[in-house]
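This report concerns only the one structure given below.
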Amino acid sequence: MTRKSDGNTKKPAKAVAAKPPSKKQGAAKKTAKADAPVAQPVDAAPLDLASLRQRIDGIDRHIQELIAERAQFANQVGKAKGKLAAAVDYYRPEREAQVLRRVVDRNDGPLNDEVLVRLFREIMSACLAQQEPLKIGYLGPEGTHSQQAVYKHFGHSIHGLPLSSIEEVFQEVEAGHADFGVVPVENSTQGTIQSTLDMFLTSKLKICGEVELRVHQHLLSRTGTLDGIERVYSHPQSFAQCKAWLRQYLPKAEKIPVASNAEAARRARSSDDSAAIAGISAANVYGLKSVAGPIEDRPDNTTRFLVIGRELFPPSGNDRTSLMVFIKDQPGALYHVLAPFAEHGLSMNRIESRPGHTGLWQYAFFIDIGGHVEEEAMRRALDSLADYAQAVKVLGSYPVAIA
Ligand SMILES: O=C(O)C(=O)C[C@]1(C(=O)O)C=C[C@@H](O)C=C1
């Protein structure tokens, strides 16, 4: 598997140096209501605690009024869409991506992009839920990183459906019991989650989004101490992400692989000599204490999840397209399949091959390309594949993950 950066690198947190009110703030002052809070010039005498809290109270009132106003407009947008069948029909991932990108572009600190995106995501989630909350299937049980990925992408105003396998997530979305599903597809330390890619060989579902989640692992136990730990439960992927730490601190403990980190936490709760490697949220769900964390070997350990649904959405302006390509058995076929993307100025972020289940030694290539299938360059590149590809399936075109 190869993956290359696509320019979606996170902006470094902007400097938060003291500065006079910006032009943006100056303009806002003119249009704001008379009782709206006014930014305190940085060189003014510092306010006392009571006055600072008074300012915050004023700002909170103003924020609340604006959120209520926004929710009313979102409601009207919902009505403008006409009488639609279900909540899923009101959801517009391309619009949400545009809103969040603008939040990032406008951000001058002191809060970082990730925090601001999370706040705005929650506002949109609540606005959408006025129609009806979306139903989102994920690899459960509760407390997994998959559940965190669901909240990161859809906010908390949803109905989460914890399911027992990646296959079941696909099935529940296909059957319409869930509006969307969220499944892990690759980890920056451990590589591809092959069971997810293999589902696309037969599934008709489309990829409608991606979520990147920084994954922090913790050692959790009933006692909260390393002493006396004889066995550790976790998912094989998590064991692999914490190999060096385990070698150093628990070289003799038995390592027992289980189906999910949440299941590991559930088992660790039954005795004092057991521990689990899992995300910190599992500690709250299963009543455990953190012995140590984060304990992953690489500090940039990140898992990428896919959002799967039943339809494709229009371009957002910064999209990625995932393809599944079966190539013809002839010299240079792979080269000829990839060349049109470069010729049309489209960058390839990832290529992965898996047994295609169509015949002995026949492979399916999973390819991620920057761009959207409704864009001219991508359409032309796809048209040029026909001579060297046996079959091309567009798995989805979706907004590139934000913050
Ligand atoms: O713009 C829309 O289509 C809306 O429904 C509004 C809104 C929002 O709150 O901004 C809410 C839900 C959609 O998924 C996208 C955006």
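What you see is a predicted model, and the numbers here were worked out from it, not measured in a lab. Counting starts at 1 for both ligands and their atoms, following the listed order.
Each of the atoms 9 (O) of ligand 1 lies under 4.0 Å from some heavy atom of C127. Close approach of ligand 1 to L128 (heavy-atom distance below 4.0 Å) involves ligand atoms 12 (C). Numbered from 1 in the order shown, with element, the atoms of ligand 1 that lie under 4.0 Å from a heavy atom of V77 read 1 (O), 2 (C), 3 (O), 4 (C), 5 (O).
Closest approach of I277 to L219, counting heavy atoms only: CG1-CD1, 4.0 Å.
Centroid-to-centroid, the aromatic rings of F180 and Y91 come within less than 6.0 Å.
Closest heavy-atom approach to atom 5 (O) of ligand 1 among the candidates K81, R92, Q76: K81.
Inclusion of Y91 in the set of residues having an N or O under 3.5 Å from an N or O of ligand 1 is not warranted.
For atom 10 (O) of ligand 1, the closest non-hydrogen atom of the protein is R70 NH2, 2.8 Å. The protein heavy-atom contact nearest to atom 15 (C) of ligand 1 is E96 CG, 3.6 Å.
Contacts with ligand 1 closer than 4.0 Å are made by side-chain heavy atoms of R95 only, the backbone lying farther away.
In summary, the side chains of R214 and N301 do not present any donor paired with an acceptor at a separation below 3.5 Å, with no hydrogens or angles considered. In this model, no donor atom of one side chain and acceptor atom of the other lie less than 3.5 Å apart for S281 and N284. Using modelled atom types and a 3.5 Å distance limit, the side chains of T303 and N187 yield a donor-acceptor pair.
Put simply, atom 7 (C) of ligand 1 has no protein non-hydrogen atoms near it, under 4.0 Å away.
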Does V258 form a side chain to side chain contact (heavy atoms under 4.5 Å, CB included) with H235? I'd like the steps, not just the answer.
CA-CA 5 Å; V258 291; H235 189 275; 5.8 Å; no

Given side chain to side chain contact (heavy atoms under 4.5 Å, CB included), test R267 with R269 step by step and report yes or no.
CA-CA 5 Å; R267 292 205 192 186; R269 153 170 99 162; over 6 Å; no

